[in-house]
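One structure below.
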2 protein chains.
Amino acid sequence: MNDTSFNPRDCGTCPIRHRAVCSRCEPDELDHLDDIKYYRTYEAGQPVIWAGDPMEFVASVVTGIATLSQTMEDGRTQMVGLLLPSDFIGRPGREHAPFDVVAVTDLTLCCFRKKPFEDLMGSTPSIGGRLLQMTLDELDSAREWMLVLGRKTAREKIASLLMIIARRDAALHKRLPKDGVEFDLPLTREAMADYLGLTLETVSRQISALKKVGVIQLQGKRQVHIPDLQRLVSETGDDMDGGHIF
Amino acid sequence: MNDTSFNPRDCGTCPIRHRAVCSRCEPDELDHLDDIKYYRTYEAGQPVIWAGDPMEFVASVVTGIATLSQTMEDGRTQMVGLLLPSDFIGRPGREHAPFDVVAVTDLTLCCFRKKPFEDLMGSTPSIGGRLLQMTLDELDSAREWMLVLGRKTAREKIASLLMIIARRDAALHKRLPKDGVEFDLPLTREAMADYLGLTLETVSRQISALKKVGVIQLQGKRQVHIPDLQRLVSETGDDMDGGHIF
DNA sequence: ATCTTGCTTTGATCCTGATCAAAGTAACTG
DNA sequence: CAGTTACTTTGATCAGGATCAAAGCAAGAT
């Protein structure tokens, strides 16, 4: 991962754009907040929290990637969300974590102790408004993913996942995709399978198939190059005229 | 459907528990709101709104059932939500509907014109807070459903859907399930298939199979009787000790 | 009463993706 | 360097659910 180092006084990715919470906005006034705001780091593979555990903080992702997932008793696992920088973790007003959160890469979280954060929400309505908008976005994303899980073929699922990562990666680096996109695949084949409701073997086979027909190119296992985004889009099964591809 | 008639001055199901919005709380003060609050009815099968259409209201379901769904160009359809009485429809701050909304049964909505509703949210923070909690609940439900779509077998999917309907039905009628539950199945086999990411034939076969082993009993096609809820739970694949079954 | 129409059930067959198994690859370790 | 570990690829086979097809059923229309 391209972990650019960060200064805890100015993480720059906090989604709650309010001076009392995001130190980027008013870095000088924040000393008194140190007892409610702090940073945590996790190594790749470490759990952040398990479903059902009491959760005494909310947080936003500063660097790295985490997954949100659910596991059945017999071991079947379904990932229900991918947390990238600027994504928010936590349920104001809820006691327990609803899902497992695991660091996929090295991870830095900007955490807020829950009680003071909720007090702040009470006294600062704009934070709640911002959080509502973010939650509505997440809900739309989750529902879009339901179409992928319920109705798409393995091939279309892989293409859809690659599009999502390519899109978010391009947005993060503010790079417009002209004649090709290149990015680092942050997930193992197994993690992709858990996201897509497939087995890791099927993921591997479909990636090989996409490589064989030239839709994607791989250097090593993880570096992906997409020469022509339209060809990848046409593999997703999505409406090509959708407009909001990038 | 058991449509109990309702009085437009006191719908009793509005999820926004605030006197300025929900006439149940302070019915006498509400005359001035008639220009922002109104009721709409739809017949079974009628569309409420299509994905992408401009949406000039938000609403809550008073009676009946609606579905939220997505369709691909080739006709594959995935239902992404089931809207039952007291559920909320709409995106404050968004211009266009993200998904198709269709009335499954006869439907009554309690609508608020969007602009005035947003103004009211601005001046009344508790509405935003309530909406945030509801949206977080919906997000959790959507994510739980992702496990169903991605990892469960056809049999488990059917059992999971029956459990959801039984649970919501019991909650609505405030009836505790002692030695059995009985309810009306509001969806066609095809609608169930669209919800579960299956074909209607598979839905029919699995329902027949559950009937044959005695987990469910049918009178006609739609009236379902479940003699022993634990047996149905054990078909869902879910953790039996979960505690929050009912 | 007969004919529609819409929904459901059941049967036969096929195919996508799961499962089981083994070999390949790359990064680390001692 | 060989050996270990973690991940990935590829192969062979299987099975769950999709697809194609036809018949059953109930309510309403003529």
Side-chain angles (χ1 to χ4, degrees), chain A residues 1 43-46 72 74-78 102 104-106 148-162 184-213 216-224 235 237, chain B residues 43-46 72 74-78 102 104-105 148-162 184-213 216-224 235 237:
Chain A
M1 300 314 312
E43 286 173 28
Q46 272 191 321
M72 296 169 70
D74 63 5
R76 282 177 282 177
T77 300
Q78 178 64 52
V102 178
V104 171
T105 64
D106 289 349
V148 174
L149 289 175
R151 292 300 183 194
K152 289 195 177 181
T153 65
R155 177 85 163 246
E156 290 168 339
K157 285 178 173 181
I158 295 287
S160 299
L161 179 58
L162 291 175
D184 208 51
L185 203 49
L187 304 173
T188 65
R189 300 291 185 260
E190 186 177 28
M192 287 191 264
D194 286 344
Y195 203 19
L196 297 166
L198 297 171
T199 58
L200 67 91
E201 295 94 331
T202 298
V203 170
S204 178
R205 275 185 251 269
Q206 292 300 334
I207 287 181
S208 297
L210 286 176
K211 190 171 63 177
K212 181 146 35 178
V213 297
I216 64 174
Q217 289 160 15
L218 292 182
Q219 352 231 12
K221 313 272 178 207
R222 299 294 190 83
Q223 191 69 15
V224 181
E235 296 284 350
Chain B
E43 287 174 27
Q46 272 192 323
M72 296 168 69
D74 62 6
R76 281 178 283 178
T77 300
Q78 177 64 52
V102 178
V104 171
T105 64
V148 175
L149 289 175
R151 292 299 182 193
K152 289 195 176 180
T153 65
R155 177 86 162 247
E156 291 169 339
K157 285 178 174 181
I158 295 286
S160 299
L161 178 59
L162 291 176
D184 208 52
L185 202 49
L187 304 173
T188 65
R189 301 290 185 259
E190 186 179 26
M192 286 190 263
D194 285 343
Y195 203 23
L196 297 166
L198 297 170
T199 59
L200 67 92
E201 294 94 332
T202 298
V203 170
S204 177
R205 275 185 251 268
Q206 294 299 335
I207 287 180
S208 298
L210 285 176
K211 189 172 61 177
K212 179 147 33 177
V213 297
I216 63 174
Q217 289 160 15
L218 292 182
Q219 353 230 12
K221 312 272 176 206
R222 299 293 190 83
Q223 191 68 16
V224 181
E235 296 284 350

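Residue numbering restarts at 1 for every chain, and letters A, B, ... go by the order of the sequence lines.
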For nucleotides 3-6 of chain D, tabulate all protein N/O to nucleotide N/O atom pairs closer than 3.5 Å, reporting atom names and distance.
none

One should read off an interatomic distance between K221(B) NZ and L185(B) CG, to the nearest 0.5 angstrom, of 12.5 Å
A correct 5'-to-3' footprint of nucleotides 8-22 of chain C, with B, S and - meaning base, sugar-phosphate only and no protein heavy atom under 4.0 Å, is SBBBB----SSBB--
### Close side-chain approach of L149(A) to Q78(B), heavy-atom, < 4.5 Å
no
query = Are K152(A) and M72(B) close enough that some pair of their side-chain heavy atoms sits under 4.5 Å apart?
reply = yes
In whole angstroms, the gap separating P of dA26(C) from CD of Q219(A) amounts to 14 Å
note: L149(B), atom CG; dG17(D), atom P; distance rounded to Å ~ 13 Å
Under 4.5 Å between any side-chain heavy atoms of E156(A) and V148(A), yes or no? no
(message) In the structure I gave you, are the side-chain heavy atoms of D194(A) and E190(A) within less than 4.5 Å of one another anywhere?
(response) yes
Sequence neighbours excluded, the answer for side chain to side chain donor-acceptor pair (under 3.5 Å) partners of R205(A) is none
**Q.** Close side-chain approach of R189(A) and I207(A), heavy atoms under 4.5 Å
**A.** yes
Beyond-backbone contact of Q223(A) with D184(A), side-chain heavy atoms, under 4.5 angstrom: yes
Here the distance between atom P of dG16(D) and atom CD of E156(B), to the nearest Å, is 12 Å
Residues at least two apart in sequence or cross-chain that pass salt bridge (Lys or Arg N to Asp or Glu O under 4.0 Å) with R155(A), listed by chain then number, are E235(A)
One would report the end-axis bend of the helix from dA1(C)-dT30(D) to dG30(C)-dC1(D), five pairs per end and rounded to 10 degrees, as 20°
Taken in chain and number order and not counting sequence neighbours, the residues that satisfy side chain to side chain donor-acceptor pair (under 3.5 Å) with T188(A) are none
